[in-house]
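Reviewing the structure listed below.
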Amino acid sequence: MPPFRAPRGTRDLLPTERSAFRRLEAVAADLARRYGYREIETPMFEEAAVFERGVGAVTDVIEKELFRIAHRSDEGESWALRPEPTAGIVRAYIQHGMQTWPQPVKLTMTGPMFRYDRPQAGRYRQFWQFDIEAIGDPGPAIDAEIIELGRSFYRLAGLDEVEILLNSIGDAACRPAYIAALTAYYAPHADRLPAIERERLHKNPLRLLDSKDPAMAELNAGAPRITDQLCDACQAHFTAVRGHLAVLGIVYRLEPALVRGLDYYTRTAFEFYIPGRQGQQQALGGGGRYDGLAGLLGGRPTPGIGFGLGLDRIVLALQAKGALESSEAASVAVVVGADPADTATRLRVATDLRAAGIAARADLSRRKLGKQLESAAKERVHFVVIIGDELADGNVQLKDLDAGSQQLVPLADLARKLASGDKSHRHGVGESQGPAGRS
RNA sequence: GUGGCCUUAGCUCAACCGGCAGAGCAUCGGAUUGUGGAUCCGAAGGUUACGGGUUCGACCCCCGUAGGCCACCCCA
């Protein structure tokens, strides 16, 4: 056994898997650009207080999942690896005075997040998110646009079956009253509740609604619904969001039990998920409105809305569908040689090809020609350049491995020939895991 | 953080009741000194996750640890 392994909950993205991520990132970047979002990059760690105040000190994400890093000279402060992107981006919005930019400020970021929870398939301590934030627009039209953006991303990624859950969780004006009503509803039954539900009653009453305990089903059915108790402003906002979604033809399911786990959410809450899958995590991404966040972080009250979509879970879902199959040659051409010892000429020819813009690698082994061809064939390269005695007349053999044909080509024409016969531009979102199989 | 299942070569898996650790794939070499993925032959690859215990003897039984997975908590 190797003495060192990737830390628990982390993993190496091997080249084939990394290329699937790369393509998702490219889809995300292009889509965000088309909607007018500009890329931002915030640090992977922040003062822990950014998350404690932004995300909420009593949430699971902070209480038990935050990766803390002590300062070198520990003076009671600590940094923390970002568990989600929004708090850091809003911190940057405030720090750089983005309220003086044209509003809303539309930002996107894709990168790793960190949560110290117990790993499972699709749940990692380091995971990747595609994030979108529109700060400074109270909605409701932008809410619908962002949900539509998320749906477009999944479609482009190859997951047409992704469904949307929608809810409104009110705001500071109506949520406290609703929580009080909910607590009052369950309180008389408190002693008969399962232990975990009793704890929720105190700690996070909204969670009672989506209990997985069948014994709770009857009680939950009669519970008050937040969407029936929204204040007028939240109700009007929610109605307008739904109206805009209808115009866009977005199909979604109202889910009154949808509660976002972070404190900063207000009003619109949504989630993208894949129905009917066992194991792994069905939630592929989620987001919502956070009109109170900027204030919590010391800025002027500023509305905002955004989402974070988990790339790891998308790749997992694509793998489960067998949708990552496709082949891609590592290079357009491999330069091999009849003289096993003459690596210098092969290197020189390959170097000239690259300078001309052709993807080419030289076989720098000292193996005989047959072995060099064998390797090239296993790589599924399309063209092989064979260096041999013909070089004395300025010629090389250009072999098309797919067709099995071969022609004598002047070295001077080689790059042009390869450029015209380029077969490298055919790929999907991913590729197979290589000859050995899966990761 | 709670409970459960699992861990044998790079990968997928065998190994009877506790009795000599194996195969396929992949890798490398040969058959084939200037022509490829097939075929045949061969080689290399193991502290049976790690650490203890029981036993004449442990991949196998027991304890602990680590990692993976499943269900929760929660979430992407």
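Sequence lines set the chain letters: A, B, ... in the order given, protein chains first and strands last, and positions in each chain run from 1.
Taking A/Y273 as the reference, nothing meets the ring pair (Phe, Tyr, Trp, His ring centres under 6.0 Å) condition, with sequence neighbours excluded. Remark: A/F45 engages A/W79 in a ring pair (Phe, Tyr, Trp, His ring centres under 6.0 Å) (not counting sequence neighbours). Looking at residues two or more places apart in sequence or on another chain, you find a side chain to side chain contact (heavy atoms under 4.5 Å, CB included) between A/R68 and A/A48, A/E52, A/I62, A/L66, A/S78. Applying the side chain to side chain contact (heavy atoms under 4.5 Å, CB included) criterion to A/R367, with sequence neighbours excluded, gives A/D363, A/S365, A/K371, A/S375.
Closest to the side chain of A/R367, out of B/rG29, B/rC72, B/rU2, is B/rG29. Nearest nucleotide to the side chain of A/R313, out of B/rC70, B/rA76, B/rG29: B/rA76. Counting only heavy atoms from C-beta on, A/R115 has its side chain closest to B/rA76 among B/rG29, B/rC74, B/rA76.
As rounded to whole Å, 12 Å separates atom C1' of B/rA71 from atom CD1 of A/I196. Distance, A/E65 CD to B/rC73 P: 13 Å, rounded to whole Å. If you take CZ of A/R123 and P of B/rG1, they are 13 Å apart, rounded to a whole angstrom. In this structure, the CD1 atom of A/I132 is 16 Å from the C1' atom of B/rA76, given to the nearest Å. Going from atom CD of A/Q282 over to atom C1' of B/rC74 covers 15 Å, rounded to whole Å. As a whole-Å value, the separation of A/R366 CZ from B/rU33 P is 19 Å. We find that CG of A/L24 is positioned 14 Å from C1' of B/rA76, with the value rounded to whole Å. Counting to the nearest Å, the C1' atom of B/rA66 and the CZ atom of A/R125 are 12 Å from each other.
A/D312 comes within 4.0 angstrom of no nucleic acid atom, judged by non-hydrogen atoms across all strands. Using a 4.0 Å heavy-atom criterion, one finds that A/G9 contacts the sugar-phosphate atoms exclusively.
Comparing the same atom, P, in B/rU48 and in B/rC59 gives a spacing of 7 Å after rounding to whole Å. Rounded to the nearest Å, the gap between the P atom of B/rG46 and that of B/rG10 is 7 Å. With P as the reference atom, B/rC11 and B/rU47 are 13 Å apart, rounded to whole Å. The same atom, P, is picked in B/rU12 and in B/rC56; the two are 38 Å apart, to the nearest Å. Between B/rG52 and B/rA58, the distance separating the two P atoms is 14 Å to the nearest Å. Straight-line distance between the C1' atoms of B/rG68 and B/rC25: roughly 23 Å, to the nearest whole Å. Across the C1' atoms, B/rA14 and B/rC73 are found 39 Å apart, a figure rounded to whole Å. When the C1' atom is used for both B/rC20 and B/rG24, the distance is 22 Å, rounded to whole Å.
With a cut-off of 3.5 Å on both pairing distances, the Watson-Crick and G-U wobble pairs of RNA chain B assemble into stems of 3 or more at B:1-7 with B:66-72, B:10-13 with B:22-25, B:27-31 with B:39-43, B:49-53 with B:61-65.
You'll find a donor-acceptor pair under 3.5 Å spanning the side chain of A/R118 and the base of B/rG3, going by distance alone. Between the side chain of A/K64 and the base of B/rC74, no donor-acceptor pair of N or O atoms lies under 3.5 Å.
Within the structure, every side-chain polar atom (N or O) of A/R5 is placed at least 4.0 Å from both OP1 and OP2 of B/rG67. Considering only side-chain N and O atoms, A/R200 lies under 4.0 angstrom from the phosphate OP1 or OP2 of B/rC73.
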Per-nucleotide protein contact string for nucleotides 34-43 of chain B (B base, S sugar-phosphate only, - none; heavy atom under 4.0 Å): BBBB------

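Checked for salt-bridge contact, A/K64 and A/D60 meet the test: a charged N lies under 4.0 Å from a carboxylate O.
Across all non-hydrogen atoms, the minimal contact from A/A32 to A/I132 is CB-CD1, 4.0 Å. Contact between A/P83 and A/M113 at its shortest, heavy atoms only, is O-CB, 3.9 Å.
For the side-chain hydrogen bond (donor to acceptor under 3.5 Å, both in side chains) criterion with A/Y264, the lone passing option out of A/R53, A/E84, A/R289 is A/E84. When each of A/Y37, A/Y154, A/F21, A/F307 is tested with A/F130 by the rule ring-ring contact (aromatic ring centres under 6.0 Å, His included), just one qualifies, namely A/F307.
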Derivation and outcome, ring-ring contact (aromatic ring centres under 6.0 Å, His included), residues A/F67 and A/Y116: CA-CA 6 Å; A/F67 267 95; A/Y116 191 83; 5.2 Å; yes

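Contact annotation: the side chain of A/L166 approaches that of A/I147 to within less than 4.5 Å [non-hydrogen atoms, C-beta and beyond].
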